[in-house]
Each structure stands twice: as structure tokens, then as C-alpha cells.
Amino acid sequence: MEKKVLYSAVQPSGNLTIGNYTGAIRNWVKLQNEYECYYAIANMHAITVRQEPAELRRRTVELLALYIACGVDPAHCTLYVQSQVPQHAELTWVLNTMTYVGEMERMTQFKDKSAKHAENINMGLMDYPVLMAADILLYQTDIVPVGVDQRQHLEIARDIAVRFNNRYGETFRVPEAYTLKEGAKIASLQEPTKKMSKSDENPNASVYLSDDRDTILRKFRRAVTDSDNRIVAAEDKPGVTNLLNIYSAFSGCTVAEAEKQFEGKGYGDFKLAVGETVADVLAPVQAEQKRLLADKAYLNQVLREGAERAYKAARKMLSKVYRKIGFYQGE
Ligand code: TRP
């Protein structure tokens with residue numbers, strides 16, 4: 001049986017946290033054998049907010065190396081950089097003509113980002129969901145793994161696909177959302193009722209995948225807990241619950257098993273154990289990422305091959321779209 005097509009992408013902006021690792025990166029690895037996966041580094045999306053060019057370039061290769069270090073296998077998926085496949089921009093233009101300004105203005109993320117970057121509400125920011133629709137629709141994608149924050153974008157991609165198909169005849173496959181069986185969300189170590197974020201202003205709130213062992217241990221040592229000393233998951237103990245969730249995600253045991261393991265221990269020992277477990281999982285990943293980053297020839301080859309593979313599929317699809325809408329392509 002043909003494998004279903006799965007599409008996912010990540011923006012090369014900001015510092016990835018351990019929440020990105022358990023919530024997104026590990027899923028890419030898990031899904032790559034079950035589906036025909038297209039995994040993109042969405043640098044065209046990233047420039048909808050200001051980026052420092054040298055940093056954008058550096059983050060792009062770092063992200064590529066990180067994903068490979070985590071187990072994404074370029075031989076088993078199509079791993080590429082979005083801007084290297086020109087059809088993304090080309091299809092976006094066509095889809096723009098079938099998308100209404102009003103519906104883009106109503107998108108939650110556009111409204112949030114407009115408020116946050118009031119000095120730079122550019123056309124690309126508003127067009128972000130259409131570019132994302134083009135990403136997905138170019139590859140006859142069946143499923144898109146999405147967290148809550150990208151759900152509305154996937155809905156728009158579906159609407160655009162249906163709209164196009166109704167006007168020009170069956171062309172695009174209408175993608176389905178794939179809700180990840182996500183483990184518990186990882187929260188901020190300082191405000192454990194908030195999600196751990198790439199861009200928290202408090203440097204102790206988030207553990208980054210690039211943090212070294214000492215930094216990791218220090219951040220966990222400073223993690224907020226509470227005044228009673230029981231290591232159990234409970235609604236009124238968000239700090240301890242978060243640490244148990246992190247421990248569970250990184251050690252592979254369940255929260256109940258972790259509770260049992262730490263029964264009778266103090267918070268100090270507990271936090272040290274969580275920090276050590278996280279650091280032990282990240283150490284080999286960081287070492288492998290570093291090794292890969294020193295091998296630019298290999299990384300460039302991965303990107304060249306990924307872009308070529310994506311290009312072939314995308315070119316076929318775009319040509320079909322051009323035919324449907326009446327763009328002359330020779331007879
Ligand atoms: N917007 C997504 C994010 O920030 C990244 C993305 C770009 C994406 N294109 C996509 C995700 C296509 C899924 C499918 O997380």
C-alpha cells in the first residue's frame with residue numbers, strides 16, 4: 001500500500017526548548033517511517049518578522065543538524081529548506097487570488113503578531129497562512145501534525161483547497177489534521193501555569209536544547225515548586241507536576257512511576273535528578289549536532305538532495321495548477 005503523505009515544517013527562528021524537543025522534534029522521528037514525510041525548514045515564513053540575515057542563515061543549518069542529530073533520517077524523508085523550492089512562492093501567488101483579505105485579517109496569529117510587531121505589519125505577515133497552504137498543498141499532503149496554535153492555519157489550507165477544487169475541478173488533496181498524542185505540555189520553570197516559550201524574558205524559565213549541563217542543572221535547581229514537600233502531580237502543584245512531566249518525557253517512565261521513585265525524597269534531590277536526566281538525554285544530541293555542523297559538505301548534500309526531491313514533486317503539482325487555471329505552458 002502507498003504510504004500517506006505527511007507534511008510538517010519548522011521556522012528557523014528563536015532558540016528551541018525542551019518542549020519543542022518532546023512536542024515536535026521527537027514526533028518527526030517517530031512519523032518518518034510510517035508516512036511519506038516532507039519536512040521543511042520554513043525560512044520564508046520566518047522573514048515575516050525581522051531576522052538578522054547572518055543569524056537566519058546560521059539557525060537554518062543548526063536546525064538541520066539538530067533534526068538529523070535527533071534521528072530524522074534524510075534517507076527516509078524529504079528534508080529541505082523552503083526557499084530552495086521556488087514553487088512555494090509560485091503557488092502562494094495563485095492561492096492569494098483565491099483568498100480573501102477579510103479572512104486573513106481575522107486570523108488569530110495575524111492579530112497577535114500584529115499587536116506584537118506593530119511597527120512591522122507587512123504583507124507577508126498577513127499572507128503567512130497562504131504560504132503555509134501552498135507548502136501543504138504542493139505535495140498532495142494527506143495529513144499535517146498540528147498543535148493548537150496551527151489549527152486555524154490548517155483549516156484555511158483546507159478551505160483554500162476545497163475552493164480551488166470547486167472552481168477548477170479536483171486538483172488538490174484536502175489535508176487532515178493529525179492531532180499528536182502529545183505528552184503533557186512542558187511549562188515554564190518559573191511560571192509553571194504558562195507554556196515554556198522560546199522567547200521568555202526570564203532566562204531561568206526555559207531550558208534550551210543548546211544549554212550545557214551546568215546551565216541545565218542550575219535552571220532546574222531554581223525551578224519553582226511549592227511549600228509542601230510531596231512529589232506528586234496535582235492541579236494545585238503546577239511546578240512539581242511540570243517537573244514530573246519533564247522527568248517522564250525524558251526518562252520514558254510514567255508520571256505514576258516517577259512519583260513512586262521519588263517518594264519520600266526532598267525537592268532538592270528531585271530537581272537534581274530531573275536536571276541530570278534531561279542533560280543526559282541532550283548530551284549525545286548536542287555532540288552529534290556539533291559533529292554534523294563541522295561537516296558542511298554533508299549538510300549541503302542533504303539539502304541539495306532534499307530540495308531536488310521536493311522540487312520534482314512540487315513542479316509536477318504546480319504545472320497541474322497552471323494548466324487548470326489557464327496559464328499557457330506551451331502546447
Ligand atoms: N507555521 C508553522 C509553525 O510556526 C510552520 C509551518 C510552515 C508549517 N509551513 C507549514 C507547519 C506547513 C505545518 C505545515 O509552527
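Counting convention: from 1, in listed order, for ligands and their atoms alike.
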_Pair Tyr311 and Tyr80, ring centroids less than 6.0 Å apart_ = no
*Identify, by atom number and element, the atoms of ligand 1 in contact range of His45, meaning under 4.0 Å from any of its heavy atoms.*
7 (C), 9 (N)
_One residue to check: Leu154. Relative to ligand 1, which of side chain, backbone, both or neither has a non-hydrogen atom less than 4.0 Å away?_
neither
*For ligand 1, which atoms sit closer than 4.0 Å to a heavy atom of Gln11?*
4 (O)
*Report the part of Gln150 in contact with ligand 1, treating N, CA, C, O as backbone and CB onward as side chain, heavy atoms under 4.0 Å; options are side chain, backbone, both, neither.*
side chain
*Does a side-chain heavy-atom distance below 4.5 Å link Met98 with Phe164?*
yes
*Under 4.0 Å from a heavy atom of Tyr128: give me the atoms of ligand 1 that qualify, with their elements.*
1 (N), 2 (C), 3 (C), 4 (O)
*Around Lys4, counting heavy atoms of other residues, nucleotides and ligands shown, do more than 12 lie under 6.0 Å from its NZ?*
no
*Selection from Asn20, Asp135, Val144, Leu6 by shortest heavy-atom distance to atom 13 (C) of ligand 1*: Val144
*Which heavy atom of the protein is the closest neighbour of atom 8 (C) of ligand 1, given with residue, atom name and distance?*
Ala9 CB, 3.6 Å
*Qualifying residue for side-chain contact (heavy atoms from CB on, under 4.5 Å) with Met107, from Met126, Lys113, Gln152*: Gln152
_Gap between atom OG of Ser251 and atom CG of Asp280 - 0.5 Å precision_ = 11.0 Å
*Name the orientation class of the two ring planes belonging to Phe262 and Tyr247 (parallel below 30°, tilted from 30 to 60°, perpendicular beyond 60°).*
perpendicular
